[in-house]
Amino acid sequence: MRVAIIGGDKRMLFAARAFCDKGADVSVAGFDGLERFSGIGIMEPSEAAAWADNIVLPLPCVKDGRIVAPFSERAILPHELLSDIGEKRVFCGMKERLTPTRCRVYDYASREDFAYRNAILTAEGAIQTAMSRYEGSIFGCRALVLGMGRIGRVLSQDLSALHADVTVAARKESDRAYVEALGMTAADYSLREKYDYDLIFNTVPAMVLPADVLSRTDERTVIIDLASAPGGVDFDYARRRSLTAVHALSLPGRCAPAAAGRIIQETIINIIKEEDGEKEDNRLCDDGVVLHL
């Protein structure tokens, strides 16, 4: 099994290491400053794509018409990379950004197994970000979590485990009942006249903290927005009011790249197992193998 990791940030290097530890032949491309990497081949992007059976692109795979490759000095264009490789398997995040291709394209980021594991890292990164900006303690602080999706569920429970006083705003009555069952305070999005919290975490990809809400927010509140761009906070108004508001994107890659890379690798292995009916080499599916860093 030949795997080419093309582009991406540090977590993709850890994904490459994880594939290698599972017994795959691995190459990386799009990391121009990399001279040696634990016996893993370093190739040009087109060379890696031609050599591999399976091509792994980052999350997101494309931005501004280019493969996301912050460590590459040259642009990697998806239509040039994928045009002459036949029907090989391509694994990427947010595959809707790729132009149509003959390749078999799989979106690892759209899967539930990836999303829930990634939510754990996002929640940890959100708390780490909050602790770097908030001058108080998580213990006993008043924390508001907006949204009860995957990240909201994990984050609210992590905060509660650290003995924060957690309120969760959720749209569905069933979600609010779940919040109460866990011993936290449930609310809808009307909340209260004044947003009197020490920490606010937004997970909702919609404008849930517009100017009129921020005008009722305590000036000492630290706001961490975890929603995809453009986020759910009026950052212009927050700046004018001198509120601390951070748009914390791609936290798994920045805060826990080794774990994030392993999650990408594990998800792709699961896709391959499903696609090939468990016919892959068992060495590539043995969960007992540990990633050595």
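All values reported here derive from a predicted model rather than from experimental measurement.
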Exercise. Okay, side chain of Thr221, backbone of Asp218: is any donor-acceptor separation there less than 3.5 Å?
Worked result: yes

Exercise. Tyr197 ring centre to Arg142 NZ or CZ under 6.0 Å, with the angle to the axis within 45°?
Worked result: no

For this session: Would you mind reporting whether Phe71 and Leu34 have side-chain heavy atoms less than 4.5 Å apart?
Result: no

For this session: Answer yes or no: is there a donor N or O on one side and an acceptor on the other, between the side chain of Arg150 and the main chain of Ile120, under 3.5 Å?
Result: no

Exercise. Got a sec: does the CD of Glu112 have more than 12 other heavy atoms crowding it under 6.0 Å?
Worked result: yes

Exercise. Is Leu199 close to Leu144 at the side-chain level, that is, under 4.5 Å between some pair of heavy atoms?
Worked result: no

Exercise. Quick one: do Arg89 and Asp276 make a salt bridge, cutoff under 4.0 Å?
Worked result: yes

Problem set entry | Name of the residue among Lys95, Arg111, Glu275 meeting side-chain hydrogen bond (donor to acceptor under 3.5 Å, both in side chains) with Tyr106 | Glu275

Problem set entry | Backbone of Met94 reached by a side-chain donor or acceptor of Asp107 within 3.5 Å | yes

Exercise. What about Phe91 and Tyr108, are their ring centers closer than 6.0 Å?
Worked result: no

For this session: Look at the side chain of Ser156 and the backbone N and O of Val168, then say whether any donor-acceptor pair between them is shorter than 3.5 Å.
Result: no

Exercise. Has Arg133 got more than 12 heavy atoms of other residues, nucleotides or ligands less than 6.0 Å from its CZ?
Worked result: no

Exercise. Is there a donor-acceptor contact under 3.5 Å from the side chain of Ser160 to the main chain of Gln157?
Worked result: no

Exercise. Is there a donor-acceptor pair under 3.5 Å between the side chain of Asp53 and the backbone N or O of Arg2?
Worked result: yes

Problem set entry | Geometric cation-pi criterion Arg153 and Tyr178, 6.0 Å radius, 45° cone | yes

Problem set entry | Residue from Leu251, Asn202, Val145 passing side chain to side chain contact (heavy atoms under 4.5 Å, CB included) with Leu226 | Leu251

Problem set entry | Donor-acceptor under 3.5 Å (Thr217 side chain, Val213 main chain) | yes

Exercise. Hey, does Val90 have a side-chain heavy atom less than 4.5 Å from the side chain of Leu57?
Worked result: yes

Exercise. Hey, any chance Ile224 and Leu162 share a hydrophobic cluster, counting ILVMFWY side chains that come within less than 4.5 Å of each other, even indirectly?
Worked result: yes

Exercise. Taking side chain as C-beta onward, heavy atoms only, is Arg74 less than 4.5 Å from Glu44?
Worked result: yes

Problem set entry | Flag if over 12 foreign heavy atoms under 6.0 Å of CD, Glu73 | no

For this session: Taking the side chain as every heavy atom from C-beta outward, state whether His247 and Val233 have any pair of such atoms under 4.5 Å apart.
Result: no

For this session: Return yes if some donor-acceptor pair links the side-chain N/O of Lys88 with the main-chain N/O of Leu82 below 3.5 Å, else return no.
Result: no

For this session: State, yes or no, whether a side-chain contact exists between Val56 and Ile6 at a heavy-atom distance under 4.5 Å.
Result: no

Problem set entry | In one Ile/Leu/Val/Met/Phe/Trp/Tyr side-chain cluster, 4.5 Å: Met207, Leu243 | no

Exercise. Hey, is the main chain of Gly232 close enough, under 3.5 Å, to the side chain of Asp225 for a donor-acceptor pair?
Worked result: yes

Exercise. Below 4.5 Å, heavy atoms only, C-beta onward: do Glu266 and Arg117 meet side chain to side chain?
Worked result: yes

Exercise. Does atom CE of Met131 have more than 12 heavy-atom neighbours from other groups under 6.0 Å away?
Worked result: no

Problem set entry | Heavy-atom pair of closest approach, residues Arg216 and Arg241 | N-NH1, 4.4 Å

Exercise. Is there side-chain contact between Phe31 and Ile42, with heavy atoms separated by less than 4.5 Å?
Worked result: no

Exercise. Is a donor on one side and an acceptor on the other found under 3.5 Å between the side chain of Arg11 and the backbone of Pro58?
Worked result: no

